Amino acid sequence: MGKAANDREGATRHNTVSVVIPYYKARYTIARAVRSVLAQTIRPYEVIVVEDGSFDDPAEALEEFGSAVTLIRKPNGGPASARNTGIELAGGEWIAFLDADDYWEPFKLERQLAFSDGAGLVGGKWFIEYPGEPRYAGEVNDPALFGRLLKAKGSEVFRVAMNVWTGILLVRRSALGDQRFVSSMEPAEDRELWIRLAASTSVYLVPEPLATYVQYENSLSNSDCDRACGKMLNVVYQHAALLGAKGVRKEEASIYRRWAGTHLAEGRPGSAIIPAARRLAIQPISPQAWWIIAKALGRSIL
């Protein structure tokens, strides 16, 4: 479907955007995602859907878009592998990423390109939506980072990377260079790449919601709390030099808090005990840490 975008005639086009959409078991949402891309006030140069060895075929759902979409098929390798495949084929100056179950506001690319001078990475805020419920503006960890061009150093690199989401980002190809997603880091592979990029290029975060992140219970990031939090710890240790010893402890405590809290919220108090205890070892005078471990122990006994 469509013409593969690797025929670049030796150069990318100025200020054009290639959109990469990994596809895996998403036939009911892929058309919405693509429509939101093609409805942009600044139309992208190309849309590349990478079918990652899915059990269902997206071809029928994409028929309405004709040659506006390039469909690439590959054996299953996960989101990192699918996005990397799209990157290799992309011919635009900028590369944007969108998952097949999420969607953009019509002015997303226009707003980001307006603030792209001097930046290699452009983000923004986003909405959160649970199926069947009204969406709402997602909270960011550090609003002070938004609305200005950032050249982050040290621990600020981590702060920037914690305030972005893959479905919102616009990445300049020259800033990306040969850096790619690392499959072994999933589902934290995107966060790990954004840390590397935020350390090497300037970043602008648009202070308004530009896309919607749809939360499904069976998504990779939501379905296995132990794996997600464990991989995020690996990311912290891999980039410990940016954080310093104090910063590493702070990130560890935050991850263990989320780890234990998720297990508690989902009715697994026994599984919450170990991450709660590890957080307590880092923050022994934190009332919240004591409260979480008391809850975990109490519910386990009951």
Side-chain angles (χ1 to χ4, degrees), residues 1-6 12 16-40 42-109 112 121-124 126-127 129 131 164-173 176 180-181 183 186-187 189-190 193-194 210-216 218-221:
M1 180 179 295
K3 183 176 181 290
N6 56 341
T12 58
T16 54
V17 180
S18 297
V19 183
V20 175
I21 305 177
Y23 178 94
Y24 186 75
K25 296 194 296 186
R27 63 177 177 172
Y28 297 112
T29 59
I30 183 63
R32 178 183 63 185
V34 173
R35 286 190 200 108
S36 77
V37 171
L38 296 179
Q40 291 296 297
I42 293 181
R43 193 176 175 93
Y45 166 60
E46 62 187 348
V47 182
I48 303 171
V49 174
V50 182
E51 187 263 303
D52 188 42
S54 180
F55 296 116
D56 60 342
D57 190 338
E60 183 176 351
L62 296 175
E63 277 184 0
E64 66 180 271
F65 307 114
S67 61
V69 174
T70 298
L71 175 60
I72 304 298
R73 302 181 188 275
K74 62 178 287 298
N76 180 254
S81 172
R83 292 189 188 112
N84 288 342
T85 296
I87 290 170
E88 297 304 326
L89 295 171
E93 180 188 6
W94 294 89
I95 301 175
F97 302 97
L98 178 65
D99 284 352
D101 46 11
D102 303 321
Y103 58 96
W104 289 348
E105 296 300 294
F107 48 79
K108 189 258 190 192
L109 294 181
Q112 290 183 304
L121 195 65
V122 185
W126 59 89
F127 294 104
E129 180 181 315
V164 299
W165 163 53
T166 300
I168 201 77
L169 285 176
L170 194 59
V171 185
R172 195 184 294 270
R173 172 175 284 282
L176 183 63
R180 296 292 184 268
F181 297 96
S183 294
E186 289 172 340
E189 85 291 349
D190 48 356
L193 177 57
W194 308 142
L210 301 174
T212 298
Y213 184 9
V214 185
Q215 299 276 331
Y216 289 96
N218 62 347
S219 69
L220 183 60
S221 58

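As the structure is a computational prediction, the values presented were derived from the model and not from experiment.
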Problem set entry | Contact summary for Ile30 and Ala61, nearest pair of heavy atoms | CG2-CB, 3.6 Å
For this session: For the residue pair Val49 and Thr70, establish whether any side-chain heavy-atom pair is separated by less than 4.5 Å.
Result: no
Problem set entry | Lys25/Phe55 under side-chain contact (heavy atoms from CB on, under 4.5 Å): CA gap, chis, key distance, verdict | CA-CA 6 Å; Lys25 296 194 296 186; Phe55 296 116; 3.8 Å; yes
Exercise. Which heavy atom in Ala96 sits nearest to a heavy atom in Leu170, and how many Å separate them?
Worked result: CB-CD1, 3.8 Å
Exercise. Heavy atoms, side chains only, cut-off 4.5 Å: are Ile48 and Ile21 in contact?
Worked result: no
Problem set entry | Rounded distance (nearest 0.5 Å) linking atom OG of Ser67 with atom CD of Glu46 | 12.5 Å
For this session: Could you give me the CA-CA distance, side-chain angles and deciding distance for Leu38 and Phe65, then say whether side-chain contact (heavy atoms from CB on, under 4.5 Å) is met?
Result: CA-CA 9 Å; Leu38 296 179; Phe65 307 114; 3.6 Å; yes
For this session: Please name the pair of heavy atoms, one in Asn84 and one in Arg180, separated by the smallest distance, quoted to 0.1 Å.
Result: OD1-CB, 3.4 Å
Problem set entry | Closest approach of Ala100 to Ala33 (non-hydrogen atoms, all atoms of both residues) | O-CB, 3.6 Å
Seminar exercise, completed: Heavy-atom closest pair (Glu186 atom, Ser81 atom, distance to 0.1 Å) is OE2-N, 4.4 Å
Exercise. Between atom CD of Gln40 and atom CD of Glu105, what is the distance when rounded to the nearest 0.5 Å?
Worked result: 9.0 Å
For this session: Please check if any side-chain donor atom of Thr212 sits under 3.5 Å from a side-chain acceptor atom of Glu129, or the reverse.
Result: no
For this session: Evaluate the ring-ring contact (aromatic ring centres under 6.0 Å, His included) criterion for residues Trp194 and Phe181: first the C-alpha distance (whole Å), next the side-chain angles of each, then the deciding distance (0.1 Å), finally the verdict.
Result: CA-CA 9 Å; Trp194 308 142; Phe181 297 96; 5.5 Å; yes
Exercise. Does Glu64 reach the side chain of Arg35, with side-chain heavy atoms less than 4.5 Å apart?
Worked result: yes
For this session: Any chance you could measure Leu193, atom CG, to Glu189, atom CD, to the nearest 0.5 Å?
Result: 9.0 Å
For this session: To the nearest 0.5 Å, tell me how far Ile95 CD1 sits from Leu169 CG.
Result: 12.0 Å
Problem set entry | Contact check, side chains of Pro75 and Asp52, non-hydrogen atoms, under 4.5 Å | no
Problem set entry | Phe127 side, atom CZ; Asp102 side, atom CG - distance, nearest 0.5 Å | 13.5 Å
Exercise. Can you find a heavy atom in the side chain of Asp57 that is under 4.5 Å from one in the side chain of Tyr23?
Worked result: no
For this session: Begin with the C-alpha distance, continue with both residues' side-chain angles, and end with the deciding distance and a verdict on side-chain contact (heavy atoms from CB on, under 4.5 Å) for Glu51 and Asp56.
Result: CA-CA 9 Å; Glu51 187 263 303; Asp56 60 342; over 6 Å; no
Exercise. Quick one: CG on Asp101 to OH on Tyr28, what's the gap to the nearest 0.5 Å?
Worked result: 14.5 Å
Exercise. Where do Arg73 and Ala59 come nearest, in terms of heavy atoms and distance?
Worked result: NH2-CB, 3.7 Å
Exercise. Side-chain contact, heavy-atom cut-off 4.5 Å: Tyr24 with Asn76?
Worked result: yes
For this session: Applying ring-ring contact (aromatic ring centres under 6.0 Å, His included), run through Tyr213 and Tyr103 and close with a yes or a no.
Result: CA-CA 7 Å; Tyr213 184 9; Tyr103 58 96; over 10 Å; no
Problem set entry | Pairwise side-chain contact, Lys74 with Val50, heavy-atom cut-off 4.5 Å (strictly under) | yes
Problem set entry | Identified side-chain contact (heavy atoms from CB on, under 4.5 Å) partner of Tyr45 from the options Val17, Val19, Thr16 | Thr16
For this session: Check the pair Val214, Arg32 against side-chain contact (heavy atoms from CB on, under 4.5 Å), reporting the backbone distance first and the verdict last.
Result: CA-CA 12 Å; Val214 185; Arg32 178 183 63 185; 3.7 Å; yes
Exercise. Are the side chains of Val37 and Trp104 in touch, meaning some heavy atoms are under 4.5 Å apart?
Worked result: yes
